[in-house]
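First comes the structure, then the notes that go with it.
Here is how names work: the chains are called A, B, and so on, in the same order as the sequence lines, proteins then strands, and each is numbered from 1.
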Amino acid sequence: MANEQDLMEKIVSLAKRRGFIYPSSEIYGGINGFWDYGPLGVELKRNIKDAWWHDIVRCPATGPDGRPIQMVGLDCSIIMNPKVWEASGHVVNFNDPLVDCKQCKARFRADKVFVACFYDQAAYKALPPGDTQAHLNFVRNPAYRFGVEADDESQVQAAAVAGANSDTRRKLESGKYEFRLPMRVDRLKPSDPLAACPACGGELTDARKFNMMFKSHAGAMEDSASLVYLRPETAQGIFANYKNVLDTTRIKVPFGIAQIGKAFRNEINPRNFTFRSREFEQMEIEFFCHPSQADRWYEYWRDARFKWYVDHGLKSTKLRLRPHEKDELAHYARACADIEYEFPFGVSELEGVANRTDFDLAQHQKCSGRDMTYFDDETKERFIPYVIEPSGGVDRATLAFLCEAYAEDEAPDEKGAMQKRTVLRFHPRFAPIKVAVFPLVKKDGMPEKAQAIYQACAKHLAAFYDEKGAVGRRYRRQDEAGTPFCVTVDGETNQNGTVTIRDRDTMQQVRIPGDNVLAYVRERLHI
RNA sequence: GCGGGCGUAGCUCAGUGGUAGAGCGUCACGUUGCCAACGUGAAUGUCGUGGGUUCAAGUCCCAUCGCCCGCUCCA
């Protein structure tokens, strides 16, 4: 763990030092949960988004039905009519503290749930005096404690007795049991094991407001009528536009709508560098299909998305595909799998693939009054499509690729002694800079020739020119930026026009004609 | 949210209540001949922020913000 912690610190440090990721508004002390991407970071992140958009929208694969996948893009506004969030369930119980049962997943208003105990007097008196732990264990024994829903404290005992079984009631009447310790659940200390679910007796989570949406006001008046939310997910914008897309594109089920965009969640506890941020970017597909085909499409997208991460360099040994257990599923989902990556700080979710059924469209149909059904002209069938949702975090993917790329190896210095080298082994598609061009020294016309090669490359791909300091240092700098190739103009260039081109990972150099640099790089990087 | 640790130069970090420091990095000039070269010089700090104690605070106290770790949480 110490090593992993060191590794994460090195990555954070490198990210800052080389301009990948900075703390947001750092000159004012930063702000918890917000991050900025620097010059290299913005290229990395953009490359990831571009690759996703290309592979999903522009050039989609063949689906499980043997036909090319139908996919269109969308870019929705961040602020929408608040009714969207009422329909989606995000606004539920806005002001009320809520608790969830960890066991049965039921949700209650914390100020309406009380916990108490029926003490077994005989057992209680038999406890060794002065043994605090024994008393605590006694009180927390699930056999005695219970939760009950009641409007206020005065009703707790009656409600508890009414809910008790006949055996318990007899013991209460005979004085063997005593009613004790009624306590509102949101007044317990966080995570107090006394908290018990009124439905099943299971352990409850801490009381908290579940609404994590950032709020603002649209218009001049800051009243409840002007209240709006920053979207906490991009999905609802797609559902809200589902009918528009159907009506304007001649697209047919099965098809998908893809979107990349910012979302905002007022996380209680941002943590782990950019992994859990309050402002983040999602790349998300809502794939609409016939209910009978949903399982098949779910499996297809789950496996396709997993493979995408593997194909772009995440080691399969560090990736997990974790299907959710039945009791772990959200209320709207019939199946869900997380694609997880083994970050230095632990295994965490990169992307979730869920079968959301017709929950969202049915919800919007109900709340908006608009018809969300689809009519299949071939089968003459009318239905609300099921939705398969692969939803990935762009910032999480960026962080995963950054962590995966980070490597330290050894390289000989000028005198032949081995020195530690830090190198980012990015997939070529993601490397922020594809090729760097150097003159070996700043004389004999080398800078001019190098500039010409740089200019030719820069028209087609991300290139970088550097003539400062020793060439070895420039190589190492590019290693830390993850640049796959470095081109050096030297004395021989003057004689025959050839340059050296150095590979980031092997550090081997080959001589090629200066005119061939662009073609060479494009061929090797498949771009 | 709770508990613990830490905030000093771009990075990593020293710093005993008494002049603000090192290594690396950055920049300039010179030198150069392929993997963090060398020489000379330079820039960079409200010591996270705000109060307090003191003749004097980077150092002690309080608050606050941020980061890290553990727990919790992540519809």
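Remark: C1' of B:A9 and CD of A:E26 are 13 Å apart, rounded to the nearest angstrom. Computed from coordinates, the A:E408 CD to B:C35 P distance equals 21 Å when rounded to whole Å. In this structure, the CE atom of A:M8 is 8 Å from the P atom of B:C68, given to the nearest Å. Here the C1' atom of nucleotide B:G33 and the OH atom of A:Y475 are 11 Å apart, to the nearest Å.
Closest approach to the A:R265 side chain among B:G33, B:A75, B:U26 is made by B:A75 (side chain taken as heavy atoms from C-beta onward). Among the nucleotides B:U26, B:C74, B:C34, the one closest to the side chain of A:R276 is B:C74. For A:D490, the side-chain atoms get nearest to B:C34 when compared with the rest of B:C34, B:G33, B:U26. Counting only heavy atoms from C-beta on, A:N272 has its side chain closest to B:C69 among B:C69, B:A28, B:C67. Of the candidate nucleotides B:U12, B:C67, B:C71, B:C71 has the atom nearest to the side chain of A:R271. In the set B:G66, B:C34, B:A36, the nucleotide with an atom closest to the side chain of A:E480 is B:A36. Of the candidate nucleotides B:A75, B:C34, B:G70, B:C34 has the atom lying nearest to any side-chain atom of A:T500. Here the side chain of A:P232 is nearest to one of B:A36, B:A75, B:C34, namely B:A75. Counting only heavy atoms from C-beta on, A:E9 has its side chain closest to B:C68 among B:A75, B:U32, B:C68. The side chain of A:K16 approaches B:C11 more closely than any other nucleotide in the set B:U32, B:C11, B:C68.
Across all strands shown, A:F273 has heavy atoms under 4.0 Å from sugar-phosphate atoms exclusively, and none from any base. Counting non-hydrogen atoms under 4.0 angstrom, A:G352 reaches nothing in the nucleic acid. No contact: A:N266 has no heavy atom under 4.0 Å from any strand. Nucleic acid contact for A:S13: sugar-phosphate only, since backbone atoms but no base atoms lie under 4.0 Å from a heavy atom of the residue.
Between B:U16 and B:C61, the two P atoms lie 14 Å apart (nearest whole Å). Of the C1' atoms belonging to B:G58 and B:C69, the separation is 25 Å, rounded to the nearest Å.
Scanning atom types as modelled, no donor and acceptor separated by under 3.5 angstrom connect the side chain of A:R474 and the base of B:C35. At a cut-off of 3.5 angstrom, counting only N and O atoms as typed in the model, there is a donor on one side and an acceptor on the other between the side-chain of A:R476 and the base of B:A36.
Summary of the strand contacts: A:R396 and A:R17 both lie near RNA chain B, and taking for each the nucleotide with the nearest heavy atom, the more 5' one is attributed to A:R17. Each of A:R18 and A:N32 was matched to the nucleotide of RNA chain B holding its nearest heavy atom; the match closer to the 5' end belongs to A:R18.
With hydrogens and angles left out, the side-chain atoms of A:Y475 and A:T488 include a donor and acceptor closer than 3.5 Å. Residues A:Q236 and A:S88 have side chains that never bring a donor and an acceptor to within less than 3.5 angstrom of each other.
Checked against a 6.0 Å centroid threshold, the rings of A:Y309 and A:Y341 do not count as neighbours. Between A:F485 and A:Y520, the distance from one ring center to the other falls under 6.0 angstrom.
The side chain of A:R473 places no N or O atom within less than 4.0 Å of a non-bridging phosphate oxygen (OP1 or OP2) of B:C35.
In this view, A:E281 and A:K45, A:K49 satisfy the side chain to side chain donor-acceptor pair (under 3.5 Å) rule, not counting sequence neighbours.
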